[in-house]
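The next block holds one structure in the form of structure tokens; read it before the comments.
Basis for what follows: all heavy atoms, side chains included, without hydrogens, waters or symmetry-related copies. Chain identifiers are assigned alphabetically (A, B, ...) following the order of the sequence lines, protein sequences preceding nucleic acid strands; residue numbering begins at 1 within each chain.
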There are 2 protein chains.
Amino acid sequence: MKGIRQLAEHLDISIGTVSRALNGKPDVNEETRKRVLAAAEELGYVANQSGRSLRQGTTNVIGLMIESSKETIEDSDNFFLGLTGGLQSVLARHKLDLIMLPCPNDEDPYEYLKRMVARRVVDAMIISATQRVDRRIDLLSKAKIPFASLGRSLSSGNSSWIDLDFDGVVNCAVDRLVAHGHRRIAIAAPSSDINLGYIFLDGYRHALERHGITYDPSLVIRVKTSEQGGYQAGHALLQISNRPTAVILIYELMAIGLYRRLTEAGVIPGRDLAVIGFREEPRAKFLQPTLTCFRMSLRDLGAELAETLLATMPAYSHFYPNSARNMIWPLKLIPGESDSFHLMAAE
Amino acid sequence: MKGIRQLAEHLDISIGTVSRALNGKPDVNEETRKRVLAAAEELGYVANQSGRSLRQGTTNVIGLMIESSKETIEDSDNFFLGLTGGLQSVLARHKLDLIMLPCPNDEDPYEYLKRMVARRVVDAMIISATQRVDRRIDLLSKAKIPFASLGRSLSSGNSSWIDLDFDGVVNCAVDRLVAHGHRRIAIAAPSSDINLGYIFLDGYRHALERHGITYDPSLVIRVKTSEQGGYQAGHALLQISNRPTAVILIYELMAIGLYRRLTEAGVIPGRDLAVIGFREEPRAKFLQPTLTCFRMSLRDLGAELAETLLATMPAYSHFYPNSARNMIWPLKLIPGESDSFHLMAAE
DNA sequence: CATAGGATCGTAAACGTTTACGGGACGCGT
DNA sequence: ACGCGTCCCGTAAACGTTTACGATCCTATG
């Protein structure tokens, strides 16, 4: 099966009619449409994507850029796979396909994105792990490619984004810890230039201020968002004179390494040091004591992100009223034992 | 910047010469080539992929199919991200790009692959998580799409594949456990129809036979390859009358859940039950006692897989002599404490 | 009967690129 | 002066599809 021409010859119908029949256009007899569809199915014909997108200037493909090299919060576990599930659930309704574009480690993400965009292989893009200032956003804006980013940035002018509610999370965490009597609260933030790290720390400072606690820079630990980083964070915590009684982790996976390091030192998590994590991570579910953390549905987030993106695409924007969408994605507190040992002991 | 035509007009050169200059064809003056490249860089021109691939019938894109729904060993981002790194390191040398094609959860993987292949959006495919009989292999063979699979299958006739050496791994594990005095050795295999599960169990049976140990089906536990599955495996282990003294896990992540369940029951991993895992998983690095496991380099595996694929592509096969390649990927034993408590205690 | 108009289909142009082919300019040897 | 080869470049066809436009046929209505 070569192309639509062979299919047309086989049916003894003109090529134009075949195309109209396949694409559901009105000017075609219902009976011939049946014939065409049957023949296409039988011969296994599927339209060549290059020809189609060359003609109509659209590819019906959405790209999700992935940076495996970056040490980011998203760079682990099933984050992207969970996200794609939600994305596809919405995109499929508009017959849009999703492909993941992994940026090679040795290539500059900006150049990679530029290359992919210029080749016009996707209609729109989703980027994540946005830096504090992110040139990719300027690039996409200037190239007039519809896009949405997971995570806001200083660069995102009136572009569309969804960001996790790190401000709310850290405020809630501090409130909770203070209510439990803690005053010296450490925080483990990412060492990379990802923007949510800044939001996280700003929220932390603001929450402390609200409770009349003076900000102590020595309680801010910058490590990678991994178990390794958690281990290092634990190590750093143990070095602090006048040791803090609580710690907030920006990524839950860090708890695994943290627990390990604390246990090595004879410090029992939850009893000697309260711990609060972020984003329920299945891998951390087996920790003892169970981790108090904040949770979200990756699938729902992906679905919302897809709709945010569609709203920026002229071809679909009539489905969605306001074009530029910004949203703070809420997270739900899942209480565990890791920050309530105090209470339990007091009872 | 629209297309090559505008670039040609801007340079006052014919469109054909511009194309030849950009593509490094010989029939073009070196000086004009410089001019063209400079102008292209300045105006930010990049060839439209649809036009190019329509003309030359090739896309220069390799697809990596991903099934997020399947409960498989590869079902984790880190696996694919590690793999893509290795794949890209080789593919980049031939100016080939890699895209990941995630199959939606609610779509049949076979139909999805069929759709992607028919649209001619990729030149070649890599599939993984091959089932015991896998229709995708027949599909790709019949469609004459070059492909390689990670994991052999009963369906793979003389197609190319790389498979992990599960046979060697399980034999080595059994040898080691027997040498430590174990006779009742359980095994946790995947519950899905993935082919490596069969290879794993065959190797297990064969190894037992070699040591004169009669095969006991009640020692075979089928669970998901996750922490959850490990937890369930631990639970199942505890139910077995005449409890086994050792267990081999097909996936290391399962050890986390297993440890948890054992600890809950007061059974100490390593002392009361020897454990051997497979494939070093960073998340499991913090287990205590440290896990004896088998390790490989995902990056190297990806690179080898890329070369295996290239060998099947007519356009690149002259680089690689034999077209159909099959390979068993070796794994290295990383001794830990989880299976040598006996020895340590004996000393 | 004439004609309007709807239903259905065929024709051909267009999308952006690559490449086979031919032609002009020039140098060189006879 | 002529032929020949080399170097460089322009022309135009081709890839597979969609779609605007026009043609044809049929029916209904005056």
Side-chain angles (χ1 to χ4, degrees), chain A residues 1-37 39-40 43-61 95 115-123 143 315, chain B residues 1-37 39-40 43-61 95 115-123 143 315:
Chain A
M1 173 56 21
K2 282 287 300 300
I4 201 176
R5 179 161 286 116
Q6 281 68 26
L7 184 57
E9 288 176 2
H10 177 260
L11 283 165
D12 203 39
I13 293 183
S14 96
I15 174 179
T17 303
V18 174
S19 174
R20 278 190 298 266
L22 291 174
N23 293 10
K25 294 299 162 80
D27 273 12
V28 49
N29 190 323
E30 269 314 311
E31 197 223 352
T32 58
R33 188 193 302 277
K34 297 288 178 206
R35 279 182 55 214
V36 172
L37 289 176
L43 301 186
Y45 169 79
V46 177
N48 178 305
Q49 183 62 32
S50 300
R52 159 175 293 180
S53 55
L54 177 58
R55 165 63 214 231
Q56 56 187 18
T58 190
T59 63
N60 289 339
V61 173
K95 298 212 175 296
R115 198 157 57 88
M116 288 301 157
V117 160
R119 303 203 320 184
R120 304 268 157 195
V121 73
V122 295
D123 286 347
Chain B
M1 171 56 22
K2 282 287 300 299
I4 201 176
R5 179 160 287 117
Q6 280 68 24
L7 183 58
E9 287 176 3
H10 177 261
L11 283 165
D12 204 38
I13 293 182
S14 94
I15 175 179
T17 304
V18 173
S19 175
R20 278 190 297 266
L22 291 174
N23 293 10
K25 294 298 163 76
D27 272 13
V28 50
N29 188 324
E30 268 316 309
E31 198 223 353
T32 58
R33 188 193 302 275
K34 297 289 178 204
R35 280 181 54 214
V36 172
L37 290 177
L43 301 186
Y45 168 79
V46 177
N48 179 306
Q49 185 62 32
S50 300
R52 160 175 292 180
S53 54
L54 177 58
R55 167 61 216 233
Q56 55 188 17
T58 189
T59 64
N60 289 338
V61 174
K95 299 211 174 294
R115 200 158 55 89
M116 287 302 156
V117 159
R119 303 204 319 183
R120 304 267 158 198
V121 74
V122 295
D123 287 347

Letter by letter from the 5' end, nucleotides 16-26 of chain D scores (B base, S sugar-phosphate only, - none; protein heavy atoms under 4.0 Å) BBBBB------

d(A/K2 NZ, A/N48 CG) to nearest 0.5 Å is 10.5 Å

So what does B/T32 touch, heavy atoms closer than 4.0 Å: a base, only the sugar-phosphate, or nothing?
sugar-phosphate

B/L7 atom CG is separated from D/dG10 atom P, nearest whole Å, by 13 Å

B/N29 atom CG is separated from D/dT6 atom P, nearest whole Å, by 17 Å

Which is it for B/V122 and B/M116 under the side chain to side chain contact (heavy atoms under 4.5 Å, CB included) test, yes or no, and what are the steps along the way?
CA-CA 8 Å; B/V122 295; B/M116 287 302 156; over 6 Å; no

Between CD1 of B/I13 and P of D/dC8 the distance, given in whole Å, is 13 Å

To the nearest 0.5 Å, atom CG of B/N60 lies from atom CZ of B/R52 at 7.0 Å

Rounded to whole Å, CD of A/E30 lies from P of C/dA7 at a distance of 12 Å

Q) Do B/H10 and B/Q6 touch side chain to side chain, with heavy atoms closer than 4.5 Å? A) no

dist A/Q49:CD -> A/L54:CG (nearest 0.5 Å) comes out at 11.0 Å

Using a strict cut-off of less than 4.0 Å between a Lys/Arg side-chain nitrogen and an Asp/Glu carboxylate oxygen, indicate whether B/E30 and B/R33 qualify as a salt bridge.
yes

Can you give the donor-acceptor pairs under 3.5 Å from side chains of residues 12-24 of chain B to other protein atoms, not counting sequence neighbours?
{"residue": "B/S14", "atom": "OG", "partner": "B/G16", "partner atom": "N", "Å": "3.3"}
{"residue": "B/S14", "atom": "OG", "partner": "B/T17", "partner atom": "N", "Å": "3.3"}
{"residue": "B/S14", "atom": "OG", "partner": "B/T17", "partner atom": "OG1", "Å": "3.2"}
{"residue": "B/T17", "atom": "OG1", "partner": "B/R20", "partner atom": "NH2", "Å": "3.4"}

Bend of the helix from C/dC1-D/dG30 to C/dT30-D/dA1 from end-axis comparison, five pairs per end, nearest 10°, comes to 70°

Separation between CD1 (B/I4) and CD (B/E9), nearest 0.5 Å, reads 11.5 Å

